[in-house]
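Take a look at the structure set out below.
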Number of protein chains: 2
Amino acid sequence: MGDTEPDLRAVLPRLMQLGNVLNRSGLVERAMEQAGAGLDRPAVTVLVMLRMTEKPLRVGEIAARMQVAGPHVTRHTHELERRGLVRRLPDTDDKRARLVELTSAGAEIADRYLGTVLGWLSEAMNGWSAGDRQTFYRLLQRFTEDLAARLSTIDTEA
Amino acid sequence: MGDTEPDLRAVLPRLMQLGNVLNRSGLVERAMEQAGAGLDRPAVTVLVMLRMTEKPLRVGEIAARMQVAGPHVTRHTHELERRGLVRRLPDTDDKRARLVELTSAGAEIADRYLGTVLGWLSEAMNGWSAGDRQTFYRLLQRFTEDLAARLSTIDTEA
DNA sequence: TATTGTTATACTCTATAACTATA
DNA sequence: TATAGTTATAGAGTATAACAATA
């Protein structure tokens with residue numbers, strides 16, 4: 001392992017700050033407000049996931065992608081259904097399972113939400129050159145993947 | 001504003017994934033385990049902040065940097081004090097305030113924690129060239145700053 | 001009168017356990 | 001017997017309100 005370079009040490013506060021901005025800055029809540037539906041964070045996450053996936057998902061699949069336990073998804077899916085933003089269909093292949101599908105109202109809200117967030121991101125990067133953008137997107141993806149891969153091996157080390 | 005480029009749209013899931021890895025992957029908990037103290041997340045945050053700042057901080061200052069409300073800091077500072085990891089000193093300049101200072105035991109735990117996390121980061125980026133590292137650090141910092149700046153102006157837009 | 005920090009309380013997000021229906 | 005989802009319950013993290021001491 002050896003020493004950790006000073007640069008890496010300097011980047012740690014940045015990562016923590018970014019984590020804060022992403023999770024605790026009210027970004028989601030404010031974008032949701034602009035989108036005009038008073039949904040809470042987990043419900044928004046479900047809605048956006050369904051929109052970006054572009055197909056109905058099973059409850060367990062949603063839970064796995066969100067990395068949360070099943071009951072969490074059940075509750076918020078019910079909330080979304082009460083508001084008419086998703087539909088729950090029987091899975092013809094497996095009668096134990098339920099497919100969760102966006103309604104057109106749900107898709108509309110997801111689109112407004114995504115538009116707002118992407119607009120903010122776009123404006124934040126207004127002064128960026130095309131090259132810097134490309135580079136950042138590429139390195140961000142690589143970093144996220146490498147970090148997730150490293151963390152996934154920790155438990156098997158003992 | 002205009003259209004959001006497809007690239008930006010593609011990067012959104014990456015950001016969400018990174019937020020998940022940073023906040024919900026158990027990274028903090030597992031590093032804390034390795035560091036040998038059974039502290040919870042907010043307590044670790046306080047400890048690390050004091051260590052990286054390298055000087056005693058007032059309760060209000062800690063709360064501001066963590067972007068949390070005051071009582072949250074009070075509670076976790078008390079927990080840290082019970083364990084002998086911080087000391088609470090009177091602020092001679094302002095008798096209303098308290099300074100929170102690391103003990104040597106607290107500094108030791110913070111160092112072990114930081115060493116573990118930085119080690120994981122370093123290993124995750126094992127295959128990275130020096131140039132890519134530098135570029136990533138620079139762009140990450142810029143992105144975080146630009147995004148925080150953009151979000152800070154949202155409320156004043158109405 | 002405003003500010004620092006504390007105490008008490010409540011809300012959001014998420015996990016675990018126990019259960020039902022199907023496989 | 002194992003799996004998909006649900007219901008009920010509990011815990012962690014954080015906010016708000018009310019208050020004390022000092023400015």
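Naming: A, B, ... by sequence-line order, numbering from 1 per chain.
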Assign each of B/G70 and A/L99 to its nearest nucleotide of DNA chain D by heavy atoms, then name whichever residue's nucleotide is nearer the 5' end.
-> A/L99
Between A/R98 and D/dA4, is there a side-chain N or O to OP1/OP2 distance below 4.0 Å?
-> no
Can you figure out which of C/dA15, D/dT14, C/dG5 approaches the side chain of A/A69 most closely?
-> C/dA15
Winner on side-chain proximity to A/K95, out of C/dA15, C/dT22, D/dA4, is C/dT22
To the nearest angstrom, how far is A/D40 atom CG from C/dT14 atom C1'?
-> 12 Å
Please work out if B/D91 contacts a base, only the sugar-phosphate, or nothing of the nucleic acid, heavy-atom cut-off 4.0 Å.
-> nothing
Please report, rounded to the nearest Å, how far the C1' atom of D/dA4 is from the CG atom of A/L89.
-> 16 Å
Going by the angle between their ring planes, with limits at 30° and 60°, are A/W128 and B/F143 parallel, tilted or perpendicular?
-> perpendicular
Given C/dT14, D/dA8, D/dG13, the nucleotide with the shortest approach to the side chain of B/P42 = D/dG13
Rounded interatomic separation in angstrom, taking CZ from A/R96 and P from C/dT20 | 17 Å
Nearest-Å distance, CZ (B/R24) to C1' (C/dC13)?
-> 9 Å
Short side-chain to backbone donor-acceptor contact, A/S152 and A/A149, under 3.5 Å = yes
N/O (side chain, B/R41) to phosphate O (OP1/OP2, C/dT14) under 4.0 Å | no
Under the salt bridge (Lys or Arg N to Asp or Glu O under 4.0 Å) rule, what do A/R14 and B/E145 come out as? Steps first, then yes or no, please.
-> CA-CA 9 Å; A/R14 294 296 152 197; B/E145 284 169 358; 3.8 Å; yes
From CE of B/M32 across to P of D/dA12 the rounded distance in Å is 16 Å
What's the verdict on side chain to side chain contact (heavy atoms under 4.5 Å, CB included) for B/Y113 and B/L39, showing C-alpha distance, side-chain angles and the deciding distance?
-> CA-CA 11 Å; B/Y113 172 84; B/L39 293 173; over 6 Å; no
Among C/dT7, C/dT14, D/dG5, the one nearest any side-chain atom of A/H72 is C/dT14
Atom-pair distance (CG on A/D93; P on D/dA4), nearest Å = 13 Å
Residue whose closest nucleotide on DNA chain C lies nearer the 5' end, A/D94 versus A/R75 | A/R75
Would you tell me if any nitrogen or oxygen in the side chain of A/H78 comes within less than 4.0 Å of OP1 or OP2 on D/dT7?
-> yes
Please check if any side-chain donor atom of B/H78 sits under 3.5 Å from a side-chain acceptor atom of B/E81, or the reverse.
-> no
Between D/dT22 atom P and B/R58 atom CZ, what is the distance in whole Å?
-> 14 Å
What is the distance, rounded to the nearest whole Å, between atom NE2 of A/H76 and atom P of D/dT7?
-> 14 Å
